[in-house]
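Step one of this worksheet: look at the structure below.
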Amino acid sequence: MRYDFQRIEEKWQKDWEEKKLHRTGEGEGNKYYALEMFPYPSGKLHMGHVRNYSIGDVVARFKKMNGKNVLHPMGWDSFGLPAENAAIKHDTHPNVWTWDNIKNMRAQLKQLGISYDWDREIASCHPDYYKWTQWLFLLFYNNGLAYKKRSYVNWCPSCATVLANEQVISGECERCGSTVTKKDLEQWFFRITDYAQKLLDDMQKLEGWPDKVKTMQSNWIGRSEGASIDFDVEGIKSKITVFTTRPDTIFGATFMALAPEHPLAKEIVKDTGYEDEFNGFVERIKKMSEIERTSTELEKEGVFLGKYAVNPVNGKMMPIYAANYILLEYGTGAIMGVPAHDQRDYDFAVKYGLEIIEVVRPVGEENGKGMDRAFEDTGVMVNSGKYNGLDNYEAMSGIIDELERAGKGKREVKFRIRDWLISRQRYWGAPIPIIYCPECGEVPVPEKDLPVVLPLNVELTGKGESPLARSQEFVNTKCPVCGGDAKRETDTMDTFVCSSWYFLRFTDPQNKEKAFDKKKADYWMPVDQYIGGVEHAILHLLYARFFTKVLYDLGLCSFNEPFQNLLTQGMVLKDGAKMSKSKGNVVSPEDIVERYGADTARLFILFAAPPERDLEWSDQGVEGCYRFLNRIWRLVTDSVELYTEDSRYELHELSQMDKDLVYVINHTVKKVTDDIEERFNFNTAISAVMEMVNALYQYRDKDGFNPVVFRDGIEKLVVLMAPFAPHIAEELWHMVRNDGSSVHSQKWPDYDPKALIKDEIIIVVQINGKVRSRISIPADMDEETVKRTALEDEKVRSYIEGQTISKVVAVPGKLINVVVRR
RNA sequence: GCGGGAGUGGCGGAAUUGGCAGACGCGCUAGACUUAGGAUCUAGUGGCAAACGCCGUGGGGGUUCAAGUCCCUUCUCCCGCACCA
């Protein structure tokens, strides 16, 4: 009988679907929420998807077999720009394109045999879903967490929309790679900065997250402690407020520098005769791209603004500059220049001949030796009046206290993270539920009027303002407050808003009254295991944490972190590079499934590398996994006549040969269990099963093998394979156990600790750390006897002859090391 | 520059607590079966050596009876952030 994967896979997929085998249990018992990041329906699955979902499926199936009530859902992150671009290109509608893709990809997922509960499927572009995305926007709005403001925002000219800071990767659009420019626009924001500290603090709770992701998030949030200090400016009333992490160096401040776009710069330069120079400088900078502008390589440049600021601690007059290395977005957009202790200020001071005053010196070098670069470490204060001789940290504290008393400054914590810009000037997204009334102003859409339905008859050009703005029936509406003529907001929400709460909707996907029921969410959440690509380390994972914290604070749920454990899977590579159409190194999952079946595809992808590491695709490796499944197939089907025996046996009645196999069986059960449960090392779990198969073949070919023991091995083998290769396991299970039960409903096997105890063991004998012999001894032999036996070994004796034994080290059950010298 | 990770046969990778380096798979070599083999099975497969053996986990040094694993030092590669005051 041939391994007909196609017939087997189709048969069981149909059977599971009919029997609703993967339906989620009700809210009772020991729960386990396994979640893979829901995909954008781009058209077809790629190998990255297959990897993601194969990993998740092993976890979900394993937990189910271990008696957990498992939630393992799937859905679609189905709003977004590609739908719009594809619609324009192929003259279709984003709605049609998206739902076609969903249909295809759903079919592909079913072909892979992933154990999703399809009754819980959701799509973020469906009105039943985005109604609640809009509802959440209003919740944020009503609690002061969503607001509109005018500011310099990131603009992607190619995507014709604004972008969140998180979507700008070294000056380029995260999606299309175009150079991002700045635009002064009025936009909607979520107040994520209010949660900066909480997002940082609670990362300590995330023990099940990779350090890498936590570090990336903390760097992104970018907390710095310091002080804001006010500097008076001669001749004008306005003060320059700076933020510094080094208030201890204030006696070394010799100049001030403002970002060129800083509003105060214009005011300061006014009527000084330096206006023309300043304006020219600003013009030049505006022409530069964001990347050039913020490059570390760029030479520090600036222009004098014609006025001086007063140092609040010593009254020193300091020239004020506008400088290209000062960023308006960070801190207050202004700094005090301390050339002696900041390399950037040092470079600037050298260029413009500004004074360099040393105020911190390394301990032990208090006399100073002149400077050729800035000294940025800790040390002892000099040239700082009454603070001289103090450790710079003590001085820092004293100086801030002094400034606070004088009302010139205060302790402050600044974050790098900015509020989350969520409006997009694009069509295929959830409309922002706000109405503008000439009488009443900005009015939120009342809950009863949700959803604000995205109209389908809208002209798409991919250029200019939001496409919704051209739809008169959408734009024109009545004010919910006064009933007068009013206009709708025409921007849609960033798709990351949709994906910031989908894991909650999965706990209660059909709820018509609420986004989700608190009880249900509290039962299922947090997600026990979340799995996805590391590319979401900042964007999605940070936003989802933010949402969860807001909902927690507003009493909608009782947990404040969404994802207990996070597994960031590696990429799938071919010829050392990420698979991509442009490189022409794409292997399509469809082809592999057609040629070898889903079980082979899954097995290879799980076997080729540990999940968090990048995986190098190998056609020959796939072939090898296919051969392995065939090998199992033959092993099981060739011995069908043996499976009538009952598989019970008594360990002490078995022969040594039987006991050896029983050892392998139990050892494999333990190894596979530990590898899945504790380490997600599916690759080593599978290799353990391979060894077991080798052992079963050898055992069966021996004279006098015990069919009862063999059958036990076969049964365990099939069950152990179930999470990895569910179809073949199911087919074989029905041959081994003809009782109509599904292998996926079986209890995960236990191992018998007694079977793992060997009577005889082999231990290694080393002489001076080099392996020289092996001896077989009874497992319970006491240490002294073991040592003596080792020394009596013939081979060992030939090595130690004529030498003095200085020491014998014993590692119980493993080795003996004899230390000798001449 | 800062942060994170990695470096082990021809290749993917194993070695979980300092205790036999190279499990398992791929590839390769030889053989068996066969009209045939890109099926299957058997044996072999880190390097050097005829062999006893010696060497071997990026390089150098150290701790230890014992180091891929710990310490110091250094090189290379990948990823993330980057004029963050």
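Naming convention: chains lettered A, B, ... in sequence-line order (proteins, then strands); numbering from 1 in each chain.
A syn base is found at G9(B): its glycosidic angle is within 90° of 0.
Contact check of residues 613-624 of chain A against RNA chain B (heavy atom, cut-off under 4.0 Å) returns R613(A), D614(A), Q620(A), G624(A).
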Worksheet item: For R631(A) and N694(A), what are the C-alpha separation, side-chain angles and deciding distance, and is it a side chain to side chain donor-acceptor pair (under 3.5 Å)?
Response: CA-CA 9 Å; R631(A) 206 166 139 73; N694(A) 293 342; 2.8 Å; yes
Discussion item. As a quick check of understanding, evaluate side chain to side chain contact (heavy atoms under 4.5 Å, CB included) for T668(A) and Y751(A), giving each step before the final call.
Written reply: CA-CA 9 Å; T668(A) 308; Y751(A) 61 90; over 6 Å; no
Worksheet item: Y321(A) and F348(A): ring pair (Phe, Tyr, Trp, His ring centres under 6.0 Å), yes or no, with the steps?
Response: CA-CA 10 Å; Y321(A) 284 78; F348(A) 191 82; 5.3 Å; yes
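When distances are taken from the side chain of N681(A) to each of G12(B), A15(B), C26(B), the shortest belongs to A15(B). Closest contact between the side chain of M216(A) and the listed nucleotides A85(B), G13(B), G80(B) involves G80(B).
The residue D674(A) sits apart from the nucleic acid: no heavy atom pair falls under 4.0 Å. Residue I538(A) is classed as having no contact, given no heavy-atom separation below 4.0 Å to the nucleic acid. In this structure, F607(A) reaches the bases: a heavy-atom distance under 4.0 Å links it to at least one base atom across the strands shown. As judged by a 4.0 angstrom heavy-atom cut-off over every strand, L298(A) is placed among the base-contacting residues. Among the protein residues, R774(A) comes within range of the nucleic acid bases, having at least one heavy atom under 4.0 Å from a base atom. Nucleic acid contact for I686(A): none, since no nucleic acid atom lies under 4.0 Å from a heavy atom of the residue.
K787(A) has its NZ atom 15 Å from the C1' atom of G19(B), to the nearest Å. Protein atom CD1 of I335(A) is 10 Å distant from nucleotide atom P of C84(B), rounded to whole Å.
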Worksheet entry | Sequence-aligned protein contact record of nucleotides 61-67 of chain B, with B where the base is within under 4.0 Å of a protein heavy atom and S where only the sugar-phosphate is | ----BS-
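Below the 3.5 angstrom threshold, one finds no donor paired with an acceptor across the side chain of K414(A) and the base of C84(B).
At a threshold of 4.0 Å, the pair K316(A)-E355(A) counts as salt-bridged, since one of the basic side-chain nitrogens sits closer than that to a carboxylate oxygen. Checked for salt-bridge contact, K671(A) and D675(A) meet the test: a charged N lies under 4.0 Å from a carboxylate O. A salt bridge is defined here as a Lys NZ or Arg NE, NH1 or NH2 lying under 4.0 Å from an Asp or Glu carboxylate O, and E299(A) with K351(A) meets this definition.
For R416(A), a side-chain nitrogen or oxygen approaches OP1 or OP2 of A82(B) to under 4.0 Å.
Residues passing the salt bridge (charged side-chain N to carboxylate O under 4.0 Å, His left out) test with R411(A), sequence neighbours excluded: D401(A), E404(A). Remark: R344(A) engages D342(A) in a salt bridge (charged side-chain N to carboxylate O under 4.0 Å, His left out) (not counting sequence neighbours). For M690(A), the side-chain contact (heavy atoms from CB on, under 4.5 Å) test picks out F607(A), F628(A), I686(A), with sequence neighbours left out.
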Could you list, one pair per line, each protein nitrogen or oxygen that sits under 3.5 Å from a nitrogen or oxygen of nucleotides 53-55 of chain B, together with the distance?
| from | atom 1 | to | atom 2 | distance (Å) |
| --- | --- | --- | --- | --- |
| G53(B) | OP1 | Y799(A) | OH | 3.2 |
| C54(B) | OP1 | R772(A) | NH2 | 3.4 |
| C54(B) | OP2 | R772(A) | NH1 | 3.4 |

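With a 4.5 Å cut-off on side-chain heavy atoms, L421(A) and N154(A) do not count as touching. Using a 4.5 Å heavy-atom cutoff, the side chains of P210(A) and E612(A) are not in contact.
Geometric assessment of K414(A) against the ring of Y330(A) yields a negative cation-pi assignment under the 6.0 Å and 45° thresholds.
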